[in-house]
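Proteins get letters first, then strands, A, B, ... in listed order; numbering begins at 1 in each.
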There are 2 protein chains.
Amino acid sequence: MSRQTSCVARSARSRKSYHHGDLRASLLDAAVELIAERGLHGLSLRECARRAGVSHAAPYRHFADKDALLLAIARRGFELLTRTGVAAMRGVEDPRDRLDAYGVAYVRFAVDNPVLFRVMFTAEIEEPEPESEPEPEPESQDHTGRAFELLMEAAAAVVGEDSEQAQELAAVASWSLPHGLAMLILDGRIPAEQASTPDEAEDLARKILAQWRGPLS
Amino acid sequence: MSRQTSCVARSARSRKSYHHGDLRASLLDAAVELIAERGLHGLSLRECARRAGVSHAAPYRHFADKDALLLAIARRGFELLTRTGVAAMRGVEDPRDRLDAYGVAYVRFAVDNPVLFRVMFTAEIEEPEPESEPEPEPESQDHTGRAFELLMEAAAAVVGEDSEQAQELAAVASWSLPHGLAMLILDGRIPAEQASTPDEAEDLARKILAQWRGPLS
DNA sequence: GATTTATGTAGACGATGTCAACAATGATGA
DNA sequence: TCATCATTGTTGACATCGTCTACATAAATC
């Protein structure tokens, strides 16, 4: 039978059927690949379409716009980051250790998924106004915020029942440090001996976070 | 006399003479302005040329290419950042206070110059290989590094004569925290009540750094 | 099996980055 | 003073890109 029913065909360069199977996912994959090769600036919808083996206007059936593609990638990134963070904290009892575990996982995520991380924080990507719907869907809504809420909770557990402001301060600080470290590493601005491999980067994060317990103890 | 000898004419929309006067600087200004309006992604050499009142290919007499323009902006940013950091630390005696002053100034710089800051750390901007010259010019060379060296020294003064590794660790941490904070603020990811104005952002940085003295002193 | 909906194609448009050929200006040296 | 020449702008062209409209095909629904 020439008919391939199991034709999910993620990255099908050559397909037989008129329809692709899962073009949306293929385009996302192609985009991430492309960015990895040529940088964010080198991303082109047409090239994504080419790599997915599809005509240049096909992507517009799945993404309103180039920015919508980027936004989808960012969303994918935030989901993965949230999952990674949860996994890293699982089973760690001490609140402070949990917070550190999240920080280390954050940096590790960044060096393991540099493209996702960069797209996530390149901004210029704003959620388009929901137009008609005031409540688009509370669940799929703000994956950006989930990662932060997680951190917020972890930080609150460390600070204790102090003022809410102290909790927020701790959360912001506990996010800033790994975030800055990750960004600097990705930009190649950390001396090469300290973070040339993912493992070294993780080590560096661990050391810094351990040393930085500071007022939260 | 119709001849205006003082025709430096920075942002001359309409110029009389064939030559512009200081096109290079005008283009840089226009580029920063454009990025502020439309985002990095909306920067276009042709629009810069238009705003400088010059033909679309004129910029190529001053910049090899679009990336070269960005690189020039980044360089300008690092110079300003270095000056800002030096000024902030001037007269502050206590090593730890000096380090904090640098951190606060760093964040303040970012919120005061969001375009410069973003261009500086957008990466994808690599110094082109010097081709022939092995030593391009030690002074104009690495303004990226000056800002970091400054920090390195300030951190070393706090840590003392400990191992060099401890100094580097402190420097990386002391850079990561303000850098991450600045990035998150610029991305609008810090709760609005905490950093909606430059002054609030500076306050936030001050509080966090004060609280984060941690292992240093 | 007919109709509707989802998905992909073809072609066009204006804008962009970049290059090559040409023109005007200002500096240099006889 | 004037001819020469390197700088700096201008024009026009090309390939590519994002995006739109009109059309074609497959899949789903009745």
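Between the CD1 atom in A:I208 and the CG atom in A:D100 there is a gap of 11.5 Å [rounded to 0.5 Å]. Rounding to the nearest 0.5 Å gives a distance of 7.5 Å between CD of B:E153 and CE of B:M89. A distance of 14.0 Å separates CZ of B:F78 from CZ of B:R83, quoted to the nearest 0.5 Å.
Of all nucleotides listed (D:dG9, D:dT19, C:dG8), D:dG9 comes nearest to the side chain of B:R61. Side-chain proximity of B:S55 to the nucleotides D:dG9, D:dT19, C:dT9 is greatest for D:dG9. Of the candidates D:dA13, D:dC20, D:dT10, D:dT10 carries the atom nearest the B:A57 side chain, counting heavy atoms from C-beta on. Taking the side chain of A:R46 as heavy atoms from C-beta on, and the options D:dG18, C:dG17, D:dG9, the nearest nucleotide is D:dG18. Of the candidates C:dT9, D:dT19, C:dT18, the closest approach to any side-chain atom of A:V54 belongs to C:dT9.
Note: CG (A:L34) to P (D:dT16) measures 15 Å, nearest angstrom. A straight line from CZ of A:R50 to P of C:dT9 spans 13 Å, rounded to a whole angstrom. Regarding B:L23, its CG atom lies at a distance of 15 Å from the C1' atom of C:dT25, rounded to whole Å. Between the P atom of C:dT25 and the CG atom of B:D22 lies a distance of 19 Å, rounded to the nearest Å. Counting to the nearest Å, the P atom of D:dG18 and the CZ atom of A:F63 are 14 Å from each other. Distance, B:H62 NE2 to D:dT8 C1': 6 Å, rounded to whole Å. Residue A:R24 contributes atom CZ, which lies 15 Å from atom P of C:dA6 at whole-angstrom precision. A straight line from CD of B:E47 to P of C:dT18 spans 16 Å, rounded to a whole angstrom.
Contacts of residues 35-45 of chain A with DNA chain C (heavy atom under 4.0 Å): none.
Counting non-hydrogen atoms under 4.0 angstrom, B:H56 reaches a base of the nucleic acid.
For A:A31, the side-chain contact (heavy atoms from CB on, under 4.5 Å) criterion is met by A:L43, A:C48, A:L69, A:I73, not counting sequence neighbours.
Ring pair B:F121/B:Y106 is tilted by interplanar angle, where 30° to 60° counts as tilted.
A distance-only check finds no donor-acceptor pair linking the side chain of B:E33 to the backbone of B:D29 [under 3.5 Å].
Considering all non-hydrogen atoms of both residues, B:A195 and B:L204 come closest at CB-CD2, 4.3 Å.
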